[in-house]
Amino acid sequence: MAEDRIGTYEEAFSTDGELGTFLVAKGPLHDAGGAVAGMFGIARDITERKRAEEALRESEATNRTVLEAMDDGMFIAQDHRFVFANPALPDLLGYSHEEFLGLPFERVIAPEHLGVWTERYDRRVGDGAEPLKQYELQLLKRDGTGSIWVELRANRFLHRGRPAVLGLIRDMSE
């Protein structure tokens with residue numbers, strides 16, 4: 001019987017003229033013989049939580065749209081690997097997005113620039129705030145057809161609680 005079960009659900013209610021969201025739980029009260037003698041209910045106002053969740057969804061959608069619309073490549077690197085990239089960066093080098101994530105620097109940075117970049121990277125992941133740094137270097141195309149010159153702007157930050165480098169890459173080949 002439906003009234004014999006405890007149920008939890010979200011419901012919109014009007015509070016002080018504003019629509020709010022409440023988490024509602026209700027269920028039967030039984031008498032000594034086990035028959036349903038009444039109902040109990042409790043409601044918790046979760047309006048602010050729902051608004052915060054919606055704001056986060058909107059923010060994530062905006063960020064995704066911006067990253068996908070950028071012509072310049074953007075990445076996050078940790079432990080000498082690319083752990084995040086917007087669509088433009090793998091496209092620029094001929095990789096699929098899935099192939100690019102996790103690539104070590106030596107697969108992407110031209111050998112003649114790898115040592116300098118690795119040294120700079122190791123200094124970049126130190127502690128503390130710093131101004132944005134700008135470099136020029138060559139990146140390797142996936143298909144082995146050569147390399148492209150890029151301008152790299154990099155800054156350190158914490159990503160998931162660990163030191164990382166955020167980089168913006170602009171193709172300077174032409």
Side-chain angles (χ1 to χ4, degrees), residues 9-12 18-23 45-174:
Y9 59 97
E10 289 181 17
E11 190 162 321
E18 267 190 63
L19 195 60
T21 305
F22 291 78
L23 183 60
D45 187 348
I46 59 169
T47 304
E48 289 305 314
R49 184 183 87 193
K50 291 306 239 179
R51 287 181 183 150
E53 289 171 357
E54 181 59 28
L56 181 60
R57 276 192 296 278
E58 288 176 6
S59 177
E60 288 172 346
T62 299
N63 291 342
R64 194 171 28 260
T65 300
V66 168
L67 289 173
E68 290 174 358
M70 288 175 61
D71 290 333
D72 293 339
M74 185 185 129
F75 70 86
I76 296 173
Q78 279 180 318
D79 303 321
H80 299 266
R81 295 185 173 278
F82 297 94
V83 298
F84 171 86
N86 72 333
L89 183 55
D91 287 350
L92 179 67
L93 300 174
Y95 288 93
S96 72
H97 192 260
E98 294 76 25
E99 291 173 318
F100 191 79
L101 295 182
L103 282 179
F105 291 160
E106 60 266 14
R107 292 275 307 276
V108 177
I109 299 171
E112 58 270 23
H113 295 269
L114 184 60
V116 172
W117 167 251
T118 300
E119 178 187 329
R120 288 175 177 164
Y121 173 83
D122 288 340
R123 281 189 306 208
R124 308 295 309 149
V125 295
D127 294 326
E130 64 178 358
L132 190 68
K133 301 288 185 180
Q134 186 171 320
Y135 312 100
E136 288 185 6
L137 71 151
Q138 283 181 291
L139 299 182
L140 302 171
K141 293 253 187 181
R142 178 184 182 272
D143 61 10
T145 60
S147 61
I148 59 169
W149 279 97
V150 298
E151 175 186 86
L152 166 66
R153 294 179 181 194
N155 202 357
R156 65 182 174 215
F157 77 115
L158 290 179
H159 177 64
R160 297 183 177 156
R162 295 184 39 239
V165 169
L166 172 67
L168 296 172
I169 289 183
R170 177 166 287 158
D171 184 357
M172 305 280 290
S173 299
E174 295 183 25

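Ion pairing between a basic and an acidic side chain is recognised when a charged N comes within 4.0 Å of a carboxylate O; Lys50 and Glu53 show such pairing. One finds no salt bridge joining Glu60 and Arg57 here, because no Lys/Arg side-chain nitrogen approaches an Asp/Glu carboxylate oxygen to under 4.0 Å. Ion pair Asp79/Arg162 flagged as a salt bridge, since at least one NZ, NE, NH1 or NH2 atom sits closer than 4.0 Å to an Asp/Glu carboxylate oxygen.
Considering all non-hydrogen atoms of both residues, Ile169 and Leu92 come closest at CG2-CD2, 4.3 Å. The two residues Glu136 and Trp149 make their nearest non-hydrogen contact at C-CZ3, 4.2 Å. Residues Ala88 and Asp72 approach most closely at CB-O, 3.5 Å, considering heavy atoms. The shortest non-hydrogen separation linking Leu93 to Leu139 is CD2-CB, 3.8 Å. Taking both residues in full, the closest heavy atoms of Phe75 and Leu89 are given as CB-CD2, 3.7 Å, listed atom of the first, atom of the second, then distance. Among all heavy-atom pairs drawn from Pro104 and Phe82, the shortest one is O-CE1, 4.4 Å.
Side-chain atoms of Phe105 and Leu114, non-hydrogen and from C-beta on, do get closer than 4.5 Å to each other. At a threshold of 4.5 Å between non-hydrogen side-chain atoms, the residues Leu140 and Arg107 do not count as touching.
Rounding to the nearest 0.5 angstrom, the gap separating the CH2 atom in Trp117 from the CD atom in Gln138 is 15.0 Å. Interatomic distance, CG of Leu152 versus NE2 of His113, reported as 12.0 Å (0.5 Å rounding). Atom CG of Leu166 sits about 13.5 Å away from atom CZ of Arg156, to the nearest 0.5 Å.
Within a 6.0 Å radius of CG in Asp143, other residues, nucleotides and ligands contribute more than 12 heavy atoms.
Without hydrogens or angle criteria, Arg81 side chain to Gly102 main chain gives a donor-acceptor distance under 3.5 Å.
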